[in-house]
Colleague: 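One structure, pasted below without further comment.
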2 protein chains.
Amino acid sequence: MDVKTLCLGVLCHCDATGYDIKKHFESAFSHFFLAGYGSIYPALAELTERGLICCDAESRAGKRERKLYRVTEEGRRAFEDALCATEPRHKVRSEFLVLLYFAQLMPTSRLTEVLDQRLGEIEATLGQLDTMERLEGDRWSPGEQFVGGFGRAILEASRNYIRQNRHLVEDTTDSGQTSGVSDLRVNAV
Amino acid sequence: MDVKTLCLGVLCHCDATGYDIKKHFESAFSHFFLAGYGSIYPALAELTERGLICCDAESRAGKRERKLYRVTEEGRRAFEDALCATEPRHKVRSEFLVLLYFAQLMPTSRLTEVLDQRLGEIEATLGQLDTMERLEGDRWSPGEQFVGGFGRAILEASRNYIRQNRHLVEDTTDSGQTSGVSDLRVNAV
DNA sequence: ACGGTCATGTAAAGTGTTACATGATTAC
DNA sequence: GTAATCATGTAACACTTTACATGACCGT
């Protein structure tokens, strides 16, 4: 699934400008799909060319013109077809985990920095999710609820795991040579 | 961080052929980084050209020749520098969550199929992790332990969340119109 | 004999990221 | 006034994916 299809999906939900769509990627989609203007505007151009969306360059009272896109009947059908044809893949690309994997090649101070930074990002994303849910959670569709909750569950699990297991890579005292109990990973919340 | 750097990382751990490296991506890295031959072989060629790795086309007794690569001193330094310079990003690209987000545009049967497929993949990956840990877990470095445990924690959290919340998108009975208690997401294990 | 694994690559097409370029409107 | 936000795009580059192409070795 590419950015084009996602843009079509957003427009199936409500009319929007390219700028609005970017905002949507930054909020609702932020924890499972990314896209910048460099992908979104060309996508909108191609979708328009194919007749799946259209736009009226609206002039709004006293304000500058902007392109408000909306999905066509054909576009809506195309999106539903795409949903049925898309393989439900789930890919992670984590430089964070790469760094951790090679922990013994890094100074402990750098490791601590990396772990703290990741924890900070997780907290920030969780905060963002909370804010979104407080503001508009009561209007969420079941799908939005499911995905929002999924994001929260994964983020919390990540945070807890990092907090409880960072000693594995940060402790350089090597007191665990004989593989004592302290070496067991902790998964419990 | 690109495939080149990761190949260098694998070679810092032990000598390997392109084929071996692909296997490493499929096992140890599978849940946080992907690469195919189409990325790996060109990467090895460029790393060789830059003098960061080298290979002796070994002829092994009675067996076909193969290119066993090993890291040079310069390559090892370059990799350590890369580790310190790499931003610890963590990106997810999930068609699975996209589909779930647009659940109301899909037939329930398709949704069930998607959820079951994902659960199957999660179980398969968990099984793979278990096997790896049983076979070689006692030789894992702290970094490998941390990353392996992280993968397990996230996979288990995903599985539990899906099991406990799939009704949000699968129940079409609409009995929750008045936002009763049954609408609450369940996060507990 | 046959299927699976080992083993190495190339080429084209598709995709996304980044930097650049511009300028109006709004809130403080 | 000025900084942030709204708003739209282009072009070059980097990177990955997919399909293609080939063939030896090993176990049964």
Side-chain angles (χ1 to χ4, degrees), chain A residues 1-8 10-11 15-27 29-30 32-50 53 55-69 82 86-87 89 91-95 98, chain B residues 1-8 10-11 15-27 29-30 32-50 53 55-69 82 86-87 89 91-95 98:
Chain A
M1 179 168 293
D2 51 21
V3 174
K4 262 197 296 289
T5 314
L6 258 291
C7 289
L8 194 55
V10 173
L11 292 174
D15 297 352
T17 66
Y19 190 83
D20 294 334
I21 292 176
K22 175 66 157 56
K23 285 272 166 281
H24 207 87
F25 272 93
E26 280 166 11
S27 59
F29 295 165
S30 65
F32 62 92
F33 216 98
L34 294 174
Y37 293 125
S39 309
I40 292 170
Y41 283 114
L44 291 172
E46 202 187 313
L47 289 169
T48 305
E49 206 182 323
R50 287 207 221 155
I53 61 175
C55 81
D56 333 283
E58 281 193 324
S59 50
R60 299 159 301 157
K63 291 184 182 173
R64 187 162 59 116
E65 262 193 5
R66 58 177 199 167
K67 292 185 178 176
L68 190 69
Y69 289 92
T86 299
E87 282 302 299
R89 277 181 288 211
K91 279 192 238 177
V92 176
R93 185 190 179 110
S94 176
E95 273 86 11
V98 170
Chain B
M1 180 168 296
D2 51 21
V3 174
K4 260 196 297 289
T5 314
L6 257 292
C7 288
L8 195 55
V10 174
L11 293 174
D15 297 351
T17 66
Y19 191 83
D20 295 334
I21 292 176
K22 174 69 156 57
K23 285 272 166 280
H24 207 86
F25 272 94
E26 280 166 10
S27 58
F29 295 165
S30 65
F32 62 91
F33 217 98
L34 295 173
Y37 293 124
S39 309
I40 292 170
Y41 283 113
L44 291 173
E46 202 188 315
L47 288 169
T48 305
E49 207 182 323
R50 287 207 221 155
I53 60 175
C55 80
D56 334 282
E58 280 193 324
S59 50
R60 301 160 301 158
K63 290 183 182 173
R64 187 163 57 118
E65 261 192 6
R66 58 177 199 166
K67 293 186 178 176
L68 191 68
Y69 290 92
T86 299
E87 283 301 298
R89 277 181 287 210
K91 280 193 235 176
V92 177
R93 185 190 178 112
S94 177
E95 273 86 11
V98 170

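Reckoned from all heavy atoms, side chains included, excluding hydrogens, waters and symmetry mates.
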Colleague: Mind checking what makes ring pair (Phe, Tyr, Trp, His ring centres under 6.0 Å) contact with B:Phe25, not counting sequence neighbours?
Modeller: B:Phe29
Colleague: Angle, rounded to 10°, between the helical axes spanning five pairs at each terminus of the helix from C:dA1-D:dT28 to C:dC28-D:dG1?
Modeller: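 It works out to 50° between the end axes.
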Colleague: What's A:Ser39 touching, base or sugar-phosphate or nothing? Going by heavy atoms closer than 4.0 Å.
Modeller: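 The residue A:Ser39 makes base contact.
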Colleague: Taking CD from A:Glu46 and P from C:dG16, how many angstroms apart are they, rounded to a whole number?
Modeller: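 Rounded to the whole Å, the gap is 11 Å.
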Colleague: Among C:dG16, C:dT8, D:dT16, find the nucleotide with the atom closest to the side chain of A:Asp2.
Modeller: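 So the nucleotide nearest the side chain must be C:dG16.
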Colleague: Quick one: label A:Lys23 by what it contacts on the DNA or RNA (base, sugar-phosphate, nothing), any heavy atom closer than 4.0 Å.
Modeller: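 Sugar-phosphate contact only - A:Lys23 comes under 4.0 Å of backbone atoms but never of a base.
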Colleague: With a 3.5 Å distance limit and no angle check, can you tell me whether B:Glu95 reaches the backbone of A:Glu87 through a side-chain donor-acceptor pair?
Modeller: no
Colleague: Which nucleotide in the list D:dG9, D:dT18, D:dT10 gets nearest to the side chain of A:Arg89?
Modeller: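 From the listed options, D:dT18 comes nearest.
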Colleague: Verify the contact: side-chain N or O of B:Lys4 to OP1 or OP2 of D:dA14, cut-off strictly under 4.0 Å; return yes or no.
Modeller: no
Colleague: Would you indicate which nucleotide in D:dT8, C:dA7, C:dG16 comes nearest to any side-chain atom of B:Arg93?
Modeller: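 The listed nucleotide nearest to B:Arg93's side chain is C:dG16.
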Colleague: Looking only at the side chain of A:Tyr37 (C-beta and beyond, no hydrogens), which of the listed nucleotides D:dT8, D:dC15, C:dC6 gets closest?
Modeller: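 Side chain of A:Tyr37 sits closest to D:dT8.
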Colleague: For residues 32-44 of chain A, which side-chain donor-acceptor pairs fall under 3.5 Å, sequence neighbours excluded?
Modeller:
none

Colleague: Assign B:Gly38 to base, sugar-phosphate, or nothing according to its heavy-atom contacts below 4.0 angstrom with the strands shown.
Modeller: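 Base, at least one base atom sits under 4.0 Å.
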Colleague: Of the listed nucleotides (C:dA7, C:dG16, D:dT8), which one gets closest to any side-chain atom of B:Arg66?
Modeller: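 Nucleotide nearest to B:Arg66's side chain: C:dA7.
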Colleague: To the side chain of A:Lys91, which of D:dT17, D:dT8, C:dG9 is closest?
Modeller: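 Taking heavy atoms from C-beta onward, the closest nucleotide is D:dT17.
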Colleague: Would you say the side-chain atoms of B:Thr86 pair up with the backbone N or O of B:Ala82, donor to acceptor, closer than 3.5 Å?
Modeller: yes
Colleague: Could you tell me if A:Lys23 sits above the aromatic ring of A:Tyr19, with its cationic atom closer than 6.0 Å to the ring centre and no more than 45 degrees from the axis?
Modeller: yes
Colleague: Between D:dC6 and A:Thr17, is there an OP1 or OP2 to side-chain N/O distance shorter than 4.0 Å?
Modeller: no
Colleague: Is any side-chain heavy atom of A:Leu11 less than 4.5 Å from a side-chain heavy atom of A:Ile21?
Modeller: yes
